Amino acid sequence: MNTTAIINIAKQQLGLDEETYRALLVRVTGESSLRAMTERQRIDVVEEMKRRGFRVRSGGKALPVSTKPYVRMIHALWKSCHRRGVISDGSRKALRSFVSARSPKDDPDFLTYEEASPIIEALKVMEARGQEAGSAKGENREGRR
């Protein structure tokens, strides 16, 4: 979706009248028209609208949060490992491959507690490894200064 469409959706979601909307555009970019703005300026407008409460919705593609705490733990650990650089692909597809290699099921949402436990432990070890690597990098940076 382009930034112009996102800005128009945000305008509606925030309930901005025309005067308030134009004032926001001028305040953020110096321009009162989206057509006169660069792409970078439109991105700045989107960021300002997010700061004011606009939330981008995924169009219903997001999966519902699991009611099982151990499944939520798997997803959280997977994301943490990705953020720490332990795994390169943080996608759901990659998580499913990881799970299928370690359990009889290929989707973490269908695991029993007993099936999920070894996966959680493996992810905890991976996360700790990423944390140690991050700490080591931080120490190296400190030593150079």
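All of these numbers come straight from a predicted model, not from anything done at the bench. Atom set for the values below is all heavy atoms of this structure, side chains included, hydrogens, waters and symmetry mates excluded.
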Applying side chain to side chain donor-acceptor pair (under 3.5 Å), name anything that partners Ser97, two or more places apart in sequence or on another chain.
none
Ionic contact status for Glu47 with Lys50, cut-off 4.0 Å:
yes
Would you mind listing every ring pair (Phe, Tyr, Trp, His ring centres under 6.0 Å) that reaches into residues 5-26, with sequence neighbours excluded?
none
Listed by chain and number, what are the side chain to side chain donor-acceptor pair (under 3.5 Å) partners of Glu39, not counting sequence neighbours?
Thr3, Arg42
Applying salt bridge (Lys or Arg N to Asp or Glu O under 4.0 Å), name anything that partners Lys79, two or more places apart in sequence or on another chain.
none
Under 4.0 Å between a Lys/Arg side-chain N and an Asp/Glu carboxylate O for Glu132 and Arg129?
no
Would you check if Pro118 and Arg102 make a side-chain contact, meaning some heavy-atom pair closer than 4.5 Å?
no
Return yes if some donor-acceptor pair links the side-chain N/O of Glu115 with the main-chain N/O of Pro104 below 3.5 Å, else return no.
no
Within residues 6-15 or reaching into it, pairs that qualify as salt bridge (Lys or Arg N to Asp or Glu O under 4.0 Å) - sequence neighbours excluded
Lys11-Glu18
Residues at least two apart in sequence or cross-chain that pass salt bridge (Lys or Arg N to Asp or Glu O under 4.0 Å) with Lys68, listed by chain then number, are none
Side-chain contact test, heavy atoms from C-beta onward, threshold under 4.5 Å: evaluate it for Lys105 versus Thr112 and give yes or no.
yes
Cluster partners of Phe110, using ILVMFWY side-chain heavy atoms under 4.5 angstrom, listed by chain and number?
none
What is the distance from atom OG1 of Thr29 to atom CD1 of Ile43, rounded to the nearest 0.5 Å?
13.0 Å
Apply the hydrophobic cluster definition, ILVMFWY joined by side-chain contacts under 4.5 Å directly or through others, and give me every member besides Ile87.
Tyr70, Val71, Met73, Ile74, Leu77, Trp78, Val86, Leu95, Phe98, Val99, Leu111, Tyr113, Ile119, Ile120, Leu123, Met126
What verdict does the salt bridge (charged side-chain N to carboxylate O under 4.0 Å, His left out) test give for Lys124 and Glu127, after you've listed the backbone C-alpha separation in whole Å, the side-chain angles of each residue and the deciding distance to 0.1 Å?
CA-CA 5 Å; Lys124 284 181 180 178; Glu127 182 186 40; over 6 Å; no
Contacts of Asp107 that satisfy salt bridge (Lys or Arg N to Asp or Glu O under 4.0 Å) - sequence neighbours left out
Arg92, Arg96
N/O donor-acceptor pairs under 3.5 Å from side chains in residues 30-38, not counting sequence neighbours:
unit_1: Ser33; atom_1: OG; unit_2: Arg35; atom_2: N; d: 3.2
unit_1: Thr38; atom_1: OG1; unit_2: Gln41; atom_2: N; d: 3.2

Residues 30-51 vs ring pair (Phe, Tyr, Trp, His ring centres under 6.0 Å), sequence neighbours excluded, gives none
Closest approach of Met49 and Ala10, non-hydrogen atoms and distance?
SD-CB, 3.4 Å
Gln12: partners by side chain to side chain contact (heavy atoms under 4.5 Å, CB included), with sequence neighbours left out:
none
In this structure, CG of Leu14 is separated from OG1 of Thr20 (nearest 0.5 Å) by 11.0 Å
